[in-house]
A.B. asks: 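First the structure, which I've put down as structure tokens, then a few questions once you've had a look.
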Amino acid sequence: MKYRTNSGNGGGFLSLQTELAGPGAALADRLRAHSGGLTPDIRSPRFVDGRAWLTVPGQAPISVRPSLMDGCTATFEATLTAEAATLVWEQARGTTSPLTVAYDLTFLARLPEGRVRLWSAGGEAGVDVLDRDDERDASLEQFRRQLAEWAARDLAADGADYDVVLSAGAVITGRAGPGGNLTLPAEEWHESDLSAPIFRTLRVETQCDADFAGDDLHSVRLRLRCGSFRHEALFTDSASVDVAETVLPPGGEPVYTYDAVVQFAGTAATATLPEATSRGRYLLLRVPAAGRLRVEVEGTAVDWGPTESVEIGLRYDGVVDTVLLREDLRRAVSERRVSALIDRPWEHRVRYNLRTGRRVERPWTPGRGDRLVLTGPYDRFLAVRLQAPGGFGTATAHIVQCEHTGTDGRVTRETLVLRPGAETATWTVGLLPGEPPGFRYKVASTYANGEQRAGEWVEASGSQVVEVGDMPETVLTVTVADDLVDYAQVKLVVVRLTGPGATASLSFSPAQRGARAWTAPVPPGAPAAYTWTATYYLADGTRRTVPDTASDHKILVLRLPPP
């Protein structure tokens with residue numbers, strides 16, 4: 001509403017609600033086409049946190065918390081200056097509306113098939129995909145980046161190092177940021193002279209954002225006050241709209257205070273929401289989770305090899321509920337009535353009962369949301385990266401035996417093979433509380449002429465990189481730079497380098513840019529030279545290729561070749 005006053009100074013009020021709408025039938029059609037005609041079941045994500053912002057020209061953005069239920073309804077109220085009201089009035093109803101709304105939502109997502117390891121130590125971090133051989137796949141690189149972002153946001157929140165292995169079905173948080181410009185319908189715009197008495201009124205339309213679907217809440221009673229005006233309304237569903245309206249006294253302001261009383265079903269217990277003040281015409285009465293504490297406990301990421309069972313205690317309001325997980329029962333639900341608001345963290349305590357008779361117990365820890373994902377029983381992980389920096393030359397394979405012995409005598413063994421095309425491998429062992437990170441390894445090499453060489457056991461300790469095979473006398477290092485690539489034209493560049501002792505493929509894209517170094521061993525007597533080729537995939541669907549080119553330059557600068 002754009003208004004003018006007797007003094008000649010004007011302004012305006014902007015009041016609106018937004019909600020998210022899915023792609024609907026179009027997405028269903030695409031999924032049906034990719035699944036052989038199966039009809040997909042499309043559901044809203046499980047949102048766990050979020051904010052929404054309304055940007056109005058010339059004013060600071062307005063931030064609110066959306067409902068996090070279907071639609072993620074967000075209610076905005078803005079008081080506009082005279083200049084902002086004029087600008088919005090002239091432009092917001094056009095095709096280039098200056099009003100923008102942006103959401104920042106956090107939701108739960110499950111990992112696909114496979115296992116991944118995320119680690120952070122000494123200021124460095126990494127993501128290892130343990131069950132995939134094709135490390136050059138572009139979608140796999142995007143998957144690594146998503147996991148790295150999640151780890152930096154959730155695992156590294158306290159600044160501590162971590163070493164975590166996740167398997168298929170494990171739940172992590174994802175982020176989404178939908179947004180766009182709003183074009184508002186013409187019939188919702190009003191220009192008025194506020195000196196008229198009719199505009200000195202208070203009108204409040206209220207909806208209750210509470211979960212009435214279960215049988216835990218009986219009702220929510222709104223209590224609204226403005227001066228001597230009192231108004232109450234009883235909500236038993238989230239669809240009803242209550243309207244409160246009164247004429248303001250001379251000099252009165254359309255400012256009101258409100259609170260709400262939550263009545264739980266089957267009991268006389270109630271809870272009162274804190275009092276708040278507003279002047280908005282639309283009021284979304286937000287009620288946090290109440291009446292029932294339900295937590296899904298998931299143990300798909302637990303190492304069930306040494307683990308016989310897991311006891312999980314969940315505590316809220318001084319009452320403890322216990323659930324049990326086993327290898328054949330990896331998911332369980334703790335659910336009970338709580339005649340109170342679920343407005344603070346619940347606590348959980350985990351006990352891992354090992355097959356050796358040992359028990360590993362974690363202290364009480366705060367938890368939020370409706371899901372608890374377990375990854376025990378280990379305190380930390382020993383991760384050993386095996387690589388053959390000298391390449392293979394006449395060698396056909398390096399066979400590495402790795403062993404770790406725990407304090408209870410438990411021995412973990414694994415044999416890994418390095419060969420041309422698979423020059424690296426990772427061995428990961430979980431460490432129980434108090435277990436030392438020591439291990440030993442032995443290398444046996446085979447050669448094309450049938451020769452075999454077996455080494456002795458080598459003692460080592462801690463996560464590290466172990467180099468096997470012959471060490472090169474000379475190493476060729478080439479830096480590939482994409483500074484001159486125009487990513488407005490190019491969506492992907494694939495560079496293949498072939499040296500005297502190794503080959504590699506490097507990918508560059510708008511999301512994966514920046515110079516990268518490639519190293520290759522140089523056999524004795526061979527020149528430190530290489531050949532390279534590059535394929536440019538353009539945004540218009542065409543491609544351009546640089547043919548095989550010999551070079552001995554240490555820096556390779558990529559340039560889009562002419563058509």
Side-chain angles (χ1 to χ4, degrees), residues 23 26-37 112-114 116 126-129 131-149 174-178 180 391-392 419-424 475-522 526-563:
L27 176 59
D29 291 342
R30 291 200 300 272
L31 294 175
R32 189 179 297 111
H34 287 290
S35 61
E113 292 295 327
V116 297
V127 177
D128 291 327
V129 179
D131 296 343
R132 290 286 296 273
D133 293 328
D134 186 6
E135 296 189 357
R136 300 185 296 274
D137 184 69
S139 63
L140 188 61
E141 291 301 323
Q142 182 182 5
F143 179 54
R144 280 196 181 99
R145 290 194 300 275
Q146 290 173 333
L147 284 176
E149 292 172 0
R175 299 283 291 276
F392 286 86
R419 56 170 59 91
E423 292 88 355
T424 63
V475 175
L476 171 64
T477 301
V478 179
T479 300
V480 183
D482 64 340
D483 299 6
L484 301 183
V485 176
D486 182 3
Y487 286 108
Q489 292 181 266
V490 180
K491 63 179 183 181
L492 177 66
V493 185
V494 179
V495 183
R496 183 171 180 81
L497 303 105
T498 303
T503 63
S505 290
L506 302 178
S507 298
F508 298 84
S509 66
Q512 190 179 9
R513 61 176 70 188
R516 259 169 286 168
W518 169 66
T519 60
V522 180
Y530 61 95
T531 61
W532 68 278
T533 181
T535 302
Y536 294 78
Y537 297 86
L538 306 186
D540 60 5
T542 62
R543 67 177 67 177
R544 301 181 194 176
T545 301
V546 177
D548 282 338
T549 304
S551 176
D552 59 0
H553 295 300
K554 300 303 185 289
I555 298 179
L556 174 60
V557 180
L558 300 178
R559 294 181 177 86
L560 178 64

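What you see is a predicted model; the values in this text were computed from it and never measured.
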A.B. asks: Checking side-chain contact (heavy atoms from CB on, under 4.5 Å) for the pair Gln489/Tyr536: CA distance, chi angles, key distance, verdict?
C.D. replies: CA-CA 10 Å; Gln489 292 181 266; Tyr536 294 78; over 6 Å; no
A.B. asks: For Val546 and Pro561, which heavy atoms make the closest approach, and how far apart are they?
C.D. replies: CG2-CG, 3.9 Å
A.B. asks: For a side-chain contact (heavy atoms from CB on, under 4.5 Å) check, start with the C-alpha distance between Tyr537 and Arg543, then their side-chain angles and the critical distance, and finish with the verdict.
C.D. replies: CA-CA 5 Å; Tyr537 297 86; Arg543 67 177 67 177; 3.6 Å; yes
A.B. asks: Give a yes or no on whether the backbone of His553 and the side-chain of Tyr530 come within a donor-acceptor separation of less than 3.5 Å.
C.D. replies: yes
A.B. asks: So Asp486 and Leu560, side-chain contact (heavy atoms from CB on, under 4.5 Å) or not? Walk me through it.
C.D. replies: CA-CA 8 Å; Asp486 182 3; Leu560 178 64; over 6 Å; no
A.B. asks: Side chain of Thr549, backbone of Pro547: donor and acceptor closer than 3.5 Å?
C.D. replies: yes
A.B. asks: Closest approach of Ala528 and Leu476, non-hydrogen atoms and distance?
C.D. replies: O-CD1, 3.8 Å
A.B. asks: Are any of the side-chain heavy atoms of Leu556 and Trp518 separated by less than 4.5 Å?
C.D. replies: no
A.B. asks: How close do Val495 and Ala534 get, counting heavy atoms only, and between which atoms?
C.D. replies: CG2-CB, 4.1 Å
A.B. asks: Against Leu558, only a single residue in Asp483, Leu484, Val485 fulfils side chain to side chain contact (heavy atoms under 4.5 Å, CB included); can you say which?
C.D. replies: Val485
A.B. asks: Sequence neighbours left out, what passes salt bridge (charged side-chain N to carboxylate O under 4.0 Å, His left out) with Arg32? Give chain and number order.
C.D. replies: Asp29
A.B. asks: Please report the interatomic distance CG(Asp540) to CG(Leu538), rounded to the nearest 0.5 Å.
C.D. replies: 5.0 Å
A.B. asks: Checking side-chain contact (heavy atoms from CB on, under 4.5 Å) for the pair Trp532/Val480: CA distance, chi angles, key distance, verdict?
C.D. replies: CA-CA 11 Å; Trp532 68 278; Val480 183; over 6 Å; no
A.B. asks: State, to 0.1 Å, how close Arg144 and Val127 come at their nearest heavy-atom pair, and which atoms those are.
C.D. replies: NE-O, 3.5 Å
A.B. asks: Got a second to check how far Thr531's OG1 is from Leu497's CG, nearest 0.5 Å?
C.D. replies: 8.0 Å
A.B. asks: Could you report the tightest heavy-atom contact between Leu492 and Ser507, atom names first, then the distance?
C.D. replies: CD1-CB, 4.3 Å
